[in-house]
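The structure appears below as structure tokens.
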Amino acid sequence: MENEIFNQIYNIVRQIPKGKVCTYGIIASLLGSKKSARLVGYALNVSHKILPKVPAHRVVNRNGLLTGKHHFKAIDEMQVLLEKEGIVIINDQVQDFDSVIWNPILD
DNA sequence: TACATGACTCTTA
DNA sequence: ATAAGAGCCATGT
């Protein structure tokens, strides 16, 4: 991807530590355009063909809901990967969301 | 060139 | 508290 903004998105997502999650809005804010969360989602949508691999499963919407699970190879893959990292998910909803959220600004 | 779509979020009613 | 509308940016047709 020659587009710089896409690279920035992937770069940020790769910085999400294991066991933590981030939101589209936060990532968009780091890019400078806090309203461009849709663009973040679009970038992740095509991130499956990007190398090195992007941990897109660690990105959820503002409510901690796994809105993008249907875009993975297997629908449950996103949830499985997150649970593998210690995150509890019930009904596509991240439990204790405020505790697992990764805020790079506070980091 | 123009319109529609999308893994979103915020503001108003 | 719930629902609807507006902004945002890149892509595809």
For nucleotides B/dA7 and C/dA3, find the distance between their C1' atoms and express it as a whole number of Å.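 It works out to 22 Å between them.
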
Note: A/R62 and A/T23 closest approach over all heavy atoms is CA-CG2, 4.2 Å

Rounded off to whole Å, could you give me the [atom1]-to-[atom2] distance for the [X] and [N] pair?
X     : N      : atom1 : atom2 : answer
A/N3  : C/dC9  : CG    : P     : 12 Å
A/D92 : B/dA7  : CG    : P     : 14 Å
A/I50 : C/dT11 : CD1   : C1'   : 14 Å
A/Y42 : C/dG12 : OH    : C1'   : 7 Å

Ignoring hydrogens and angles, are the base of B/dA7 and the side chain of A/Y24 linked by a donor-acceptor pair under 3.5 Å? yes

Would a hydrophobic clustering, with Ile, Leu, Val, Met, Phe, Trp and Tyr connected at side-chain separations under 4.5 Å, put A/Y24 with A/L81?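 No: no chain of side-chain contacts under 4.5 Å links A/Y24 to A/L81.
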
Measure the spacing between NE2 of A/H70 and CG of A/D92 and express it to the nearest 0.5 Å. 7.5 Å

Near DNA chain B, counting only heavy atoms under 4.0 Å, which residues of residues 56-68 of chain A show up? A/A56, A/N61, A/R62, A/T67, A/G68

Any residue of residues 69-90 of chain A with a heavy atom less than 4.0 Å from an atom of DNA chain B: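 A/H71, A/F72 - these, ordered by number, are the residues of the stretch whose heavy atoms sit under 4.0 Å from the strand.
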
Which residue, A/I101, A/V88, A/I87, forms the side-chain contact (heavy atoms from CB on, under 4.5 Å) with A/V94?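 Single side-chain contact (heavy atoms from CB on, under 4.5 Å) partner of A/V94 among A/I101, A/V88, A/I87: A/I87.
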
Between protein and nucleic acid, restricted to nucleotides 4-8 of chain C and to nitrogen or oxygen atoms under 3.5 Å apart, what atom pairs and distances do you find?
| residue | atom | partner | partner atom | Å |
| --- | --- | --- | --- | --- |
| C/dG7 | O6 | A/R38 | NH1 | 3.3 |
| C/dC8 | O4' | A/K35 | O | 3.4 |

Please check if the side chain of A/R58 supplies one atom and the backbone of A/I16 the other of a donor-acceptor pair under 3.5 Å.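 Yes: the side chain of A/R58 pairs with the backbone of A/I16.
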
Using only atom types and a distance under 3.5 Å, with no angle test, would you say the side chain of A/K20 pairs donor to acceptor with the backbone of A/S99? yes

Are side-chain N/O atoms of A/E85 and A/H57 paired as donor and acceptor at under 3.5 Å?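 A donor-acceptor contact under 3.5 Å links the two side chains.
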
